[in-house]
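In what follows, a structure is listed as structure tokens, so that the remarks can point back to it.
Just so it is clear: chains get the letters A, B, ... in the order the sequence lines come, proteins before strands, and each one is counted from 1. Values in this document were obtained by computation on a predicted structure and should not be read as measured data.
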There are 2 protein chains.
Amino acid sequence: MRRTTIRDIAAAVGASPATVSKVLTGRGDSLISDTMRQRIRESARELGYSPNLAARALVTGRTYCIALWSETLADYHAAVANALLDVLRPSRYEMVITDVVKHPDWYAYFQRNAPWPVDGIIALDSPQSVEAYLATSAGRNTPVVSIGAYYWEHTDHIGVDLGAGVRQAAHHLAEQGCRRIAHLTCDHGMRPGEPRRLAYEEAMVDLGLEPRLLVTGQSSREDARLTVRDLVGSGQLPDALLCFNDETAIGAYRGLRDLGVRIPDDVALIGCDGIQDTAYFDQPITTIVQPVNELCRSAWQCLQTRLDEPDAPRQSRMLKADLMIRESSLRIGRPVEAAANPITKAARTGEEPRPDHALPQEA
Amino acid sequence: MRRTTIRDIAAAVGASPATVSKVLTGRGDSLISDTMRQRIRESARELGYSPNLAARALVTGRTYCIALWSETLADYHAAVANALLDVLRPSRYEMVITDVVKHPDWYAYFQRNAPWPVDGIIALDSPQSVEAYLATSAGRNTPVVSIGAYYWEHTDHIGVDLGAGVRQAAHHLAEQGCRRIAHLTCDHGMRPGEPRRLAYEEAMVDLGLEPRLLVTGQSSREDARLTVRDLVGSGQLPDALLCFNDETAIGAYRGLRDLGVRIPDDVALIGCDGIQDTAYFDQPITTIVQPVNELCRSAWQCLQTRLDEPDAPRQSRMLKADLMIRESSLRIGRPVEAAANPITKAARTGEEPRPDHALPQEA
DNA sequence: CTGAAAGCGCTAACAA
DNA sequence: TTGTTAGCGCTTTCAG
């Protein structure tokens, strides 16, 4: 059976499609007589009408749909997607997730298939895709906000400065008495200009310590776990691991525990991103917390402004990622910081924790 | 500047829009002269053309876009979304995530705003939305596959039987010597007909044990943690907690550890869903693993079949969720099962684990 | 091999 | 208060 259209409704009530449209969209609603409005509404309900949004989008040029571009939907990226969904909930916008690695040749992709038409794009950690996109005519018409630790600066963007967090982390480890602080990174982390690695190297110079890079293939838990197991076997164990992200840190945690290495006594451990999981380990893992909610709120606000005023000047904002100190890096105790984290506090003192969320990311 | 259309290209090369369309879509490509094809392609590239998919969808009736309906994008649901993205990657389909709780009044919603037009829908754990949707005329035309532990059976569906896993879990706990096995559930888990609770109660009858329901508000980690802390304080500690899901189990893990309760010695712990995190704790958490990849593969296959043959008979399939035994429920040792899990094995024996993923969900 | 014409379902001017 | 008309950008016959 064919899908119901406004013509069907118009025919059923003896009106014109235009009148039906006016009633159903609410635009010009008030100019229509009560009886007509009533009859159209009833008929729509009876026929199970729902509008064809492709047609509507074609004429209005608006889809009320925005895209989240991301390379994956795992872990931190999933948390961002979820937070963005929360931000969008009060609005009438839907979210389409476009898998940006899917399309290595962006030019060919945009020419043929183009991603689903949206009013705007929020591109998470995918500056190259943004760059390619902006070169197309779609890119000149559909605004994009580039967000995250990796962003394209020649368009609206909300960046996150992980470097500051990494430097904080390195100094914190030094204060805890660590001297052989290694950076456990991955192929991705070895790319030129990678902010985490650069910040680590810089901090090590500041501290007068010898940098050491340990590289695992993927930034996956299993890869990190196996890399760390090898490391333990080789006897070349550092006294602290500053990890590329939480996945790597969690894998390292497990790899160390597999072989009985104590955390933080033998090796102090720090992750990055601030995913929820890190808070629940026997030794909760210190991590550099990305301000996920603030990132999504800002991104959406920025995009809305852009939709309202396409010609407004470029907007940009930098957010800070702060160190959240927990057990996994506390060797000599820091009661002040520890007390700020309900989980840490509870585990250490047995006192009643504050009943709020384990990862208070923002004030 | 206006977005480039096929008319612009047609004008630029002195051809008609129809010819441009043929070349750019590849349909009728072969009937066009080489030179013309060449010039059109070049012009498209120069003008940064990308097609307006709303217009294309309007005429072809196809969007090459499917929706994932889910109430959230956290934890297990995020894992499903990610797995579905993987399944879709080789295809030319995009995925829209529609937040189904957003729209409590489905009828009003569909009448006015309707979700983004898609060729098909995969609805995860959202049977009520599916039911409401099928009553609309969109629902009669856009196929939906209902998947997960909660599904709507009067349409194509891929179900997951958690009951079997819960029964396995209860019996496993009894074999481990547990006698006071409580079910830690949440408001959601108390709804009538909830399969996990029913399977638990059934298993307890089989085992001749007294059932005990502990109810935490949300199925969140923090709620579970606080509930368990209260429980420890009250002195009414069971010797096993069979949890509603992994979130609850992880919160319980932390709540028990906060107060020095040993796992599994004092309290054995079992989660449900099989999210990756459970494998990385000091005492890896036994869990009932949902076959996420198989679920997504089946769902997509089912939907493709339906798109090809709209009038094919209803398809359905049930998948099993199996118990993955790990440390958190092993009190008397079960070397055979333990050896099957690389992480468990490694932690117990110090041997080299298989280098595969920590959570082999399917064969 | 190429173009003209029609129309997908809807909205927005403008007429009546 | 309602209807008529035109057209969004594209694809698809069908005619040349």
Let me have a per-nucleotide readout for nucleotides 1-6 of chain C, 5' to 3', with B, S or -, counting only protein heavy atoms under 4.0 Å.
BSBB--

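- Residues satisfying the ring pair (Phe, Tyr, Trp, His ring centres under 6.0 Å) test with A:Tyr76, not counting sequence neighbours, are none.
- Under 4.0 angstrom from either OP1 or OP2 of C:dG9 there lies no side-chain N or O belonging to A:Tyr49.
- No side-chain heavy atom of A:Leu319 sits less than 4.5 Å from a side-chain heavy atom of A:Asp161.
- Distances shown here put a side-chain N or O of A:Ser21 below 4.0 Å from the OP1 or OP2 atom of C:dT11.
- Residues satisfying the side-chain hydrogen bond (donor to acceptor under 3.5 Å, both in side chains) criterion with A:Arg39, sequence neighbours excluded, are absent altogether.
- Chain B approaches DNA chain D over the interval D:dG9 to D:dT12, counting the first and last nucleotide 5' to 3' with an atom under 4.0 Å from its heavy atoms.
- In terms of the salt bridge (charged side-chain N to carboxylate O under 4.0 Å, His left out) criterion, A:Arg27 has no residue partners (sequence neighbours excluded).
- Under the rule for a salt bridge (charged side-chain N to carboxylate O under 4.0 Å, His left out), the partners of B:Asp8 that lie at least two apart in sequence or sit in another chain are B:Arg2.
- Shown here are the ring pair (Phe, Tyr, Trp, His ring centres under 6.0 Å) partners of B:His188, two or more places apart in sequence or in another chain: B:Tyr150, B:Phe244.
- Taking five base pairs at each end of the helix from C:dC1-D:dG16 to C:dA16-D:dT1, the local helix axes there meet at an angle of 40°, rounded to 10°.
- For B:Leu58 and C:dG7, the CG to C1' distance is 9 Å, given to the nearest whole Å.
- By the side-chain hydrogen bond (donor to acceptor under 3.5 Å, both in side chains) test, A:Asp119 pairs with A:Thr63, sequence neighbours left out.
- Residue pairs meeting the salt bridge (charged side-chain N to carboxylate O under 4.0 Å, His left out) criterion with at least one partner in residues 76-88 of chain A, sequence neighbours excluded, are A:Asp86-A:Arg89.
- For the side-chain hydrogen bond (donor to acceptor under 3.5 Å, both in side chains) test, no residue two or more places apart in sequence or in another chain qualifies with B:Ser126.
- Applying the salt bridge (charged side-chain N to carboxylate O under 4.0 Å, His left out) test to pairs two or more places apart or on separate chains, those with a residue in residues 58-82 of chain A are A:Asp75-A:Arg221.
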